[in-house]
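As structure tokens, the structure follows; a few thoughts come after it.
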Amino acid sequence: MSYSSSYTAYLASVDARKAKLSATLAEVLRTDCAFKTLEIGSGHGDFLVSYAQRYPERFCLGIDLITQRVGKSNRKAQRLALANCQFLKARAEELLDCLPEQWLWTEVLIFYPDPWPKKRHHKHRLLQAPFLSQLARTVTPDACIHFETDDVDYFESVCQTVMDHPDWQPVEVEPYIVDTFFARVTGKQGHYAVFKQLAKG
Ligand SMILES: C[S@@+](CC[C@H](N)C(=O)[O-])C[C@H]1O[C@@H](n2cnc3c(N)ncnc32)[C@H](O)[C@@H]1O
């Protein structure tokens, strides 16, 4: 198969980004914490900073695509001298590909992911079956995904996708209180769900 030179350049840039991300992860991931929380799309870092303060024994990593938000979040964690909380600029799908062998998340938090409300843009939504399969390979068997959104259509489609998925099921678990920047600006009611892996074997 032959690729155009621009596609080859794109693949090379993804490889370079992933190599850099793997090296960064080797430095920041705390292997001494048994409980490992990943927040995807951590935004301004409000949730994870107060969560890490509340649970100092848990290692917390927040990732986001926007450089300024990651910088602001790290400054919040540093002001509180939190040794268990770190933010990185990374795309979720790439981060999951770059984790060291044996690394498994205990918990994944996804609060107010970009809703992509127009039907023709739904393909950009993060929480879809292939991503749920990728997540299942990088979490502990009893791990939970906590998910909140104000977009009813997105919420319903995610719950349906989970119910149709071979790895995940919705469960009743005490929700966290999500007082994030986007939860506040939307002004709409949040819809919360928790998903757990189906027992294998
Ligand atoms: C609507 S904001 C919500 C931020 C935060 N969770 C809150 O509730 O305030 C969604 C965030 O997800 C980030 N994001 C979108 N797709 C992402 C991806 N594939 N990987 C990591 N972050 C992503 C965006 O950059 C944005 O900051």
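Read the numbers this way: they start at 1 and go in the same order the structure lists the ligands and their atoms.
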Provide the number and element of each atom of ligand 1 under 4.0 Å from a heavy atom of Ala90.
-> 20 (N), 21 (C)

What atoms of ligand 1 come within less than 4.0 Å of a heavy atom belonging to Arg69?
-> 26 (C), 27 (O)

Ligand 1 and Ala92, any nitrogen or oxygen pair closer than 3.5 angstrom?
-> yes

Could you tell me whether some N/O pair between Tyr112 and ligand 1 is separated by less than 3.5 angstrom?
-> no

Does the distance from a Lys or Arg side-chain N to an Asp or Glu carboxylate O, for Asp46 and Lys76, drop under 4.0 Å?
-> yes

Distance to 0.1 Å, residue and atom name: give those for the protein heavy atom nearest to atom 19 (N) of ligand 1.
-> Glu93 OE1, 3.2 Å

Among all protein heavy atoms, pick the one closest to atom 10 (C) of ligand 1 and tell me residue, atom and distance.
-> Asp114 OD1, 3.4 Å

Just need the protein heavy atom nearest to atom 13 (C) of ligand 1, so name the residue and atom and give the distance.
-> Asp64 OD2, 3.4 Å

Tell me whether Val28 is reachable from Trp105 by hopping between hydrophobic residues (I, L, V, M, F, W, Y) whose side-chain heavy atoms are closer than 4.5 Å.
-> yes

Short N or O distance, Phe111 and ligand 1, threshold 3.5 Å exclusive | yes

the protein heavy atom lying closest to atom 12 (O) of ligand 1 turns out to be Gly41 CA, 3.3 Å

Joint cluster assignment, Tyr51 & Val139, ILVMFWY side-chain distance < 4.5 Å | no

Min side-chain heavy-atom separation Thr138-Leu38 under 4.5 Å = no

Can you list the ligand 1 atoms lying under 4.0 Å from a non-hydrogen atom of Ile66?
-> 25 (O)

With sequence neighbours left out, the residues meeting side-chain hydrogen bond (donor to acceptor under 3.5 Å, both in side chains) with His122 are Arg125

Kindly write out the residues that satisfy side-chain hydrogen bond (donor to acceptor under 3.5 Å, both in side chains) with Arg17, not counting sequence neighbours, or none if the list is empty.
-> Glu94

Closest non-hydrogen protein atom to atom 17 (C) of ligand 1, residue and atom name please, with distance?
-> Leu65 CD1, 3.5 Å

Grab the two heavy atoms, one from Leu96 and one from Phe131, that are nearest each other, plus how far apart they are.
-> CD1-CE1, 3.7 Å

Mind checking whether Ile40 has an N or O less than 3.5 Å away from an N or O of ligand 1?
-> no

Using a strict cut-off of less than 4.0 Å between a Lys/Arg side-chain nitrogen and an Asp/Glu carboxylate oxygen, indicate whether Lys196 and Asp142 qualify as a salt bridge.
-> no

For ligand 1, which atoms, with element, lie under 4.0 Å from some heavy atom of Thr180?
-> 7 (C), 8 (O), 9 (O)

Are Phe47 and Phe111 close enough that their ring centres sit under 6.0 Å apart?
-> yes

Tell me whether Val178 is reachable from Val171 by hopping between hydrophobic residues (I, L, V, M, F, W, Y) whose side-chain heavy atoms are closer than 4.5 Å.
-> yes

Do Ser42 and ligand 1 have an N or O pair less than 3.5 Å apart?
-> no

When only distance counts, is Phe182 in polar contact with ligand 1, meaning an N/O pair under 3.5 Å?
-> yes

Relative to ligand 1, is His44 under 4.0 angstrom through side chain, backbone, both or neither, heavy atoms considered?
-> neither

